[in-house]
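Down below is the structure, laid out as C-alpha cells.
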2 protein chains.
Amino acid sequence: MKHFGPHVRNLRETLRKQDRRYSLRQVAARIGVEPAYLSKVERGEVAPPSEATTVKLAHELDQDADVLLAMAGKVSSDLQAIIRKRPQVFAELIRQLKLAPDHAVLRVVREVREGEW
Amino acid sequence: MKHFGPHVRNLRETLRKQDRRYSLRQVAARIGVEPAYLSKVERGEVAPPSEATTVKLAHELDQDADVLLAMAGKVSSDLQAIIRKRPQVFAELIRQLKLAPDHAVLRVVREVREGEW
DNA sequence: TTTCATGTGTCGTATATAGTATACATATCG
DNA sequence: CGATATGTATACTATATACGACACATGAAA
C-alpha cells in the first residue's frame, strides 16, 4: 500500500506527544536503521522496509505486526510457511473464505479453537 | 524446497514417454523461457523461476499451481492479496489451523461452502 | 550421412531489494 | 548564546532475482 510511510509517521508522532523518546532518530536507532532511511520510509520516498525491520517497527509502535506488514504489501513468512506445507488445503480454505464476512471467519476460528476435530 | 528442479524434470520426462512434445526445448518454448534456463532450473543449478513462470510450468505439466509454487518456496500472490485485505482475521485463522489435520480444515471449507453465514 | 533436435556450459545483464554514509540546515534546550 | 538534537538531501552500495544469448557436443531421424 502507498500510505505505509505516512501512517507510520502518524503513529510515531502521536506517541511522541506523550514521550519524547519517539523522535525519528531514536526510533531508527532502536529498530536498527539509519535515521535518513527511516525518514525516507516515513515520507514514502522509498519502499517499505524488509519484513524483519517492519516487525521491529510494529513492536516499537505497539502495532499488530501482521497489519503493518499488510500495509507494507507483505504477508509474514511464518504464515507463508504454514501455507506452503499444505498448499492445496490452505489455498482452498483461503479462497473459500475470501468473500466471507469477518464474523463468519472468526466463528470458524472459535469452533476450531474449541477443538472438535 | 531443494527438490523443485528434479521434480519438474521427473514430471516432464514422464509426460514425454507418452508424448514427445515434452522435450525440454519444447516445454521451454511453450512457457516462454530459454532452454538453457529451464535446463538449469530442472537441475537445481539456479533458484526456481518467478511465480508467473512457475504457474505456466504447472499448467504445462498438468499440476496444481499452488503445489508447485509451494515447492518453489512461494505462496501465490492472489492468496497473499486475500490475506493482506484482512490481516488480523486471516492470520489468526491460519495460525489456528496450523496443527489441525487436513480433514478438519476441509470440513471447515465444506461448512463454509454450504454457506451458513 | 548429413541434418536436425536435444540438453547443457559459459557469460552477461537488467531490475529490485534493502539499506549505509556523510553532510547539512533548522529547532530546541540549558 | 552555544551545544545538542532533529529531520532530510544526496550519493553510493551490496546482494538477490530472474532471466537471455550464444556456442557446443551428442543423439536421433530422414
Side-chain angles (χ1 to χ4, degrees), chain A residues 1-2 4-58 60-61 65 68-69 71-77 80, chain B residues 1-2 4-58 60-61 65 68-69 71-77 80:
Chain A
M1 266 86 178
K2 226 287 93 177
F4 174 87
H7 182 239
V8 167
R9 172 147 295 191
N10 276 337
L11 292 169
R12 186 179 57 75
E13 297 202 323
T14 298
L15 286 172
R16 205 190 180 186
K17 281 164 196 160
Q18 314 297 321
D19 186 339
R20 72 187 189 293
R21 295 176 344 188
Y22 285 89
S23 74
L24 186 151
R25 270 169 185 269
Q26 295 195 39
V27 169
R30 286 196 296 272
I31 68 173
V33 298
E34 291 294 311
Y37 179 56
L38 182 56
S39 172
K40 282 180 283 189
V41 167
E42 288 193 354
R43 285 171 297 128
E45 203 191 290
V46 300
S50 68
E51 176 174 345
T53 299
T54 301
V55 169
K56 286 185 210 163
L57 195 49
E60 182 65 31
L61 303 176
L68 212 60
L69 282 171
M71 298 189 71
K74 308 189 182 192
V75 170
S76 92
S77 52
Q80 297 198 35
Chain B
M1 266 87 177
K2 224 287 94 182
F4 174 87
H7 182 240
V8 166
R9 172 148 295 191
N10 276 338
L11 292 169
R12 186 179 57 75
E13 297 202 323
T14 299
L15 286 172
R16 205 190 181 188
K17 281 164 196 160
Q18 315 295 322
D19 186 340
R20 71 186 190 291
R21 295 178 341 190
Y22 286 89
S23 74
L24 185 151
R25 271 170 185 267
Q26 295 195 39
V27 168
R30 287 197 294 274
I31 68 173
V33 298
E34 290 294 311
Y37 179 57
L38 182 56
S39 172
K40 281 178 284 189
V41 167
E42 288 192 354
R43 285 171 298 128
E45 202 193 290
V46 300
S50 68
E51 175 174 348
T53 298
T54 301
V55 168
K56 286 185 209 165
L57 195 51
E60 183 65 30
L61 302 176
L68 213 60
L69 282 171
M71 298 188 72
K74 308 187 183 192
V75 170
S76 90
S77 53
Q80 296 198 36

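None of these values were measured; they are calculated from a predicted model. Here is the naming used below: chain letters follow the sequence lines, and residue numbers restart at 1 for every chain.
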Using a strict 4.0 Å threshold on nitrogen-to-oxygen distance, state whether K74(B) and E51(B) make a salt bridge.
no
Residues L38(A) and V33(A): closest non-hydrogen pair is CB-CG2, 4.3 Å
What nucleic acid atoms does V46(A) come within less than 4.0 Å of, heavy atoms only: base, sugar-phosphate, or nothing?
nothing
Between OH of Y22(A) and P of dT6(D) the distance, given in whole Å, is 14 Å
Residue of the set S76(B), P48(B), S77(B) for which side-chain contact (heavy atoms from CB on, under 4.5 Å) holds with L69(B):
S76(B)
Do E60(B) and R12(B) have side chains that approach each other closer than 4.5 Å (heavy atoms only, starting at C-beta)?
no
Please write out each protein N/O paired with an N/O of nucleotides 28-30 of chain C under 3.5 Å, distance rounded to 0.1 Å.
none

L24(A) CG to dG7(D) P, in whole Å, measures 5 Å
Give one of base, sugar-phosphate or nothing for R9(A), where a contact means two heavy atoms less than 4.0 Å apart.
sugar-phosphate
Which of residues 50-58 of chain A sit near DNA chain C, with a heavy atom under 4.0 Å from it?
S50(A), T53(A)
What is the distance from CD of Q26(A) to C1' of dA5(D), rounded to the nearest Å?
9 Å
note: E42(A), atom CD; dG19(C), atom C1'; distance rounded to Å ~ 16 Å
What pair of heavy atoms forms the shortest contact from P49(A) to F4(A), and how long is it?
CD-CE2, 3.6 Å
Which atom pairs link the protein and nucleotides 10-14 of chain D when you take only N or O atoms and keep those under 3.5 Å?
residue : atom : partner : partner atom : Å
dT10(D) : O4   : K40(A)  : NZ           : 3.4
dA11(D) : N6   : K40(A)  : NZ           : 3.2

Interatomic distance, CG@L61(B) vs CD1@I31(B), rounded to 0.5 Å, equals 8.0 Å
Using a cut-off of 4.0 Å between protein heavy atoms and nucleotide atoms, how would you tag nucleotides 25-30 of chain D 5' to 3' with B, S and -?
------
In short, the helix from dT1(C)-dA30(D) to dG30(C)-dC1(D) is bent end to end, axes from five pairs each side, to 10°, by 10°
Integer-rounded Å distance: dA18(D) P and L38(B) CG
16 Å
Separation of R43(A) atom CZ from dA9(D) atom C1', in whole Å?
8 Å
Atom CG of D19(A) and atom C1' of dT6(D) are separated, to the nearest Å, by 16 Å
R16(B) atom CZ is separated from dG7(C) atom P, nearest whole Å, by 5 Å
Where the side chain of S39(B) is concerned, which of dG7(D), dG20(D), dG7(C) is the nearest nucleotide?
dG7(C)
Proximal nucleotide (of dT6(C), dT22(C), dT8(C)) relative to the E34(A) side chain
dT22(C)
Does OP1 or OP2 of dA5(C) have a side-chain N or O of S23(B) closer than 4.0 Å?
no
For a quick check of understanding: with a heavy-atom distance under 4.0 Å over all strands, which category does R21(A) fall into, base, sugar-phosphate or nothing?
nothing
Within-4.5 Å side-chain heavy-atom neighbours: M71(A) and V8(A)
no
Are side-chain heavy atoms of R30(B) and K56(B) found at a separation under 4.5 Å?
no
Looking at dG20(D), dA9(D), dG7(D), which one has an atom nearest to any side-chain atom of Y37(B)?
dG20(D)
With sugar-phosphate meaning primed atoms plus P, OP1 and OP2, does P49(B) contact a base, only sugar-phosphate, or nothing at under 4.0 Å between heavy atoms?
sugar-phosphate
Extract all donor-acceptor atom pairs below 3.5 Å that involve side chains of residues 13-29 of chain B and protein atoms in other chains or at least two apart in sequence.
residue : atom : partner : partner atom : Å
T14(B)  : OG1  : N10(B)  : O            : 2.8
D19(B)  : OD1  : R21(B)  : N            : 2.9
S23(B)  : OG   : Q26(B)  : N            : 3.1

With a cut-off of less than 4.0 Å, is there a side-chain N or O of K74(A) near OP1 or OP2 of dT17(C)?
no
